[in-house]
Amino acid sequence: MYRVQSVLAVVVWSVGVVVSWDIAIGVKDQLIFYNNGINTMTVNLISQNPTSLVYDEVHNMILYVDKQNHNDSICGYDLSSAEDKCFIKRNGRNIHGLAFDPVTDKIFFTDTNDKSVNFISKKRGSSNNIYGELLIKMDDKAPAAIAVDSCKGYIYWTHTLTDGKIEKAKFDGSDRKIISLPRFYYKPHSLSIDPQIQKIIYFDVCETCFNTAGFLNKVDLDGSNEAVLLGDFYGPQFLSRVLTVSKDYIYFINSSDSYDAVVQLPKNEGIEPTEISKFYIEKILGIVAKYKIEDQIKGIQDCDSLSSLIPTTSVSVCTNYCLQGNCSINDDGLPKCSCNAGYTGGRCEISSCHGFCLNDGTCSLNEDSEPVCQCRGDYFGSRCEITDCVNYCTRGNCRLNEKGNPICSCLPGYSGDRCEVSACNGFCMNGGTCSLNENGKPVCQCTRYYVGDRCQITNCLYYCKEGNCGSDSDCRL
């Protein structure tokens, strides 16, 4: 069906900034970068199983979904600073698709468990919910793959798990429309928008057909003028259905029983696809191509919102790049920051105050650019790490009163200034063993010679019979 260019990926371990790349793939806990089919760099992530890879050119970052242990998170690897961080947690949820709009600086994502489309803002100073913000909630449809048309301000998503449709809406969730597709029994899977040709690129798969048939298609943004790019596919080798689009190529993953391969399909019709890398052990979980904004909108007249984001000179590359410092251009034409005192990070975005003050203390930088904490009334220390409550209450909860002195709220069955006195103290008599019940009340386990709630009564049955009464054969209390 298509020719093979290389048979095995060569992993090159590197540290630092990726200077040249055209695609990146997610494998296990790594991002692997390629340029013209050659592996240029491999980086280890803080996460596991990176899927749904997206390139954010504005921040020079690859966004991805961390699928580790089904505790889905949205994370990003900063190519400028070689830093990896996560934006939100979605414990127990299923983030299926991811897309980024550079105009609004928002990450859009689908949650198939919650049947919703959501977003998170990356703008500086934005206050986001730790689970993201709900945009569209659905009752009977499970959105899956998602893509954006930044020029017109629309998001597109598939109904892969339900009716096999593509739907679109504006970035604010309004103007929702269903895009009808030609084949009734087929369902769209992976989804990408090619802004240069104003087309939707997607896999169309018939899961009820014998051996799972499918096509790689392109169609206008309104669902008209569909054309088949590749097909008909049969068998398990195309079940991954992961794709991405660049200036000149469409890339997708070919998953067979023995290996995973990255397939490169030129946009020029009549040219066969090529396998550019194979993995025989690890599964390829995601793929993303570098599609520069400048290339996306070249020759398009009605896309001013994206045109404003294109750097025109080396000076503009530095504009607003270093958040707390001075910017210069390195030998590769990339911005480089010299941070002000008290700030670090690839863009000088990390303050020395970040995470410095504990227990809700307020941090500020002094005249020497050193972090200084203003602690809450019940904490002190250089990082607000000390409180008089530490180990103060033996069996209870501690708080500080209005004078800053620790006071205890004792657990049931305990008393005293520090909850150090147990209700069992001196309660059981004559060698009885005391314990507290679930209500904090003392309960005695008496020896065989004594009975009573405090073991205060002699048990005559055993006491006299065992020779404790001398010559008197009767037991008297």
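Residues take their numbers from the sequence shown, with the count starting at 1.
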Inset, instruction - Might you confirm whether atom NZ of Lys267 has over 12 heavy atoms from other residues, nucleotides or ligands at distances under 6.0 Å? - result: yes
Legend entry - Note: Lys122-Asp105 ion pair, threshold 4.0 Å (strictly below): no
Legend entry - Cys339 and Cys348 SG atoms under 2.5 angstrom apart: yes
Inset, instruction - Give a yes or no on whether Lys283 atom NZ has more than 12 heavy-atom contacts from other residues, nucleotides or ligands under 6.0 Å away. - result: yes
Legend entry - Heavy-atom donor-acceptor pair, Gln198 side chain to Leu221 backbone, under 3.5 Å: no
Legend entry - pair check: Cys384 + Cys373, SG-SG < 2.5 Å: no
Legend entry - N/O donor-acceptor pair under 3.5 Å between Ser352 side chain and Gly342 backbone: yes
Inset, instruction - May I ask you to decide if the ring planes of Tyr55 and Trp21 are parallel, tilted or perpendicular, using 30° and 60° as cut-offs? - result: perpendicular
Inset, instruction - Would you check if there is a donor-acceptor pair between the side chains of Asn326 and Ser338 at a distance under 3.5 Å? - result: no
Legend entry - Minimum heavy-atom distance Ile23-Ile276, with the two atoms named: CD1-CD1, 3.6 Å
Inset, instruction - Please name the pair of heavy atoms, one in Pro188 and one in Asp204, separated by the smallest distance, quoted to 0.1 Å. - result: N-OD1, 3.7 Å
Inset, instruction - Would you confirm whether Gln30, through its side chain, and Asn44, through its main-chain N or O, come within 3.5 Å as a donor-acceptor pair? - result: no
Inset, instruction - Report yes or no: does Ser121 contribute a side-chain atom to a donor-acceptor pair with the main-chain N or O of Lys123 at less than 3.5 Å? - result: yes
Inset, instruction - Go through Asp84 and Leu31 one step at a time and tell me if the side-chain contact (heavy atoms from CB on, under 4.5 Å) criterion holds. - result: CA-CA 11 Å; Asp84 194 18; Leu31 290 178; over 6 Å; no
Inset, instruction - Determine whether the side chains of Tyr64 and Ser47 contain a donor N or O and an acceptor N or O closer than 3.5 Å. - result: yes
Legend entry - Side chains of Thr158 and Tyr202, donor plus acceptor under 3.5 Å: no
Legend entry - Under 3.5 Å: donor-acceptor pair, side chain of Thr110, backbone of Gly97: yes
Inset, instruction - Decide, based on the SG atoms alone, whether Cys337 and Cys327 are under 2.5 Å apart. - result: no
Inset, instruction - Run the salt-bridge test on Lys278 and Asp260 with the 4.0 Å N-O cut-off and return the result as yes or no. - result: no
Inset, instruction - Would you check if there is a donor-acceptor pair between the side chains of Ser80 and Asn60 at a distance under 3.5 Å? - result: yes
Inset, instruction - Scan side-chain atoms only and decide if Lys137 and Asn118 contain a donor-acceptor pair under the 3.5 Å cut-off. - result: no
Legend entry - Sidechain-backbone polar pair: Asn35 side chain, Ser20 backbone, donor-acceptor under 3.5 Å: no
Legend entry - Single hit among Phe100, Tyr156, Phe171 for ring pair (Phe, Tyr, Trp, His ring centres under 6.0 Å) with Phe108: Phe171
Inset, instruction - Kindly determine whether Ile178 and His159 satisfy side-chain contact (heavy atoms from CB on, under 4.5 Å), including the steps that lead there. - result: CA-CA 10 Å; Ile178 295 289; His159 294 168; 3.8 Å; yes
Inset, instruction - Kindly compute the distance separating CG (Asn217) from CG (Leu229), expressed to the nearest 0.5 Å. - result: 6.5 Å
Legend entry - Cysteine SG atoms at Cys357 and Cys363 closer than 2.5 Å: no
Legend entry - Pair Lys67-Asn94, side-chain hydrogen bond (donor to acceptor under 3.5 Å, both in side chains): steps then yes or no: CA-CA 9 Å; Lys67 283 287 184 181; Asn94 184 17; 2.6 Å; yes
Legend entry - Any donor-acceptor N or O pair under 3.5 Å, side chains Glu275, Tyr259: yes
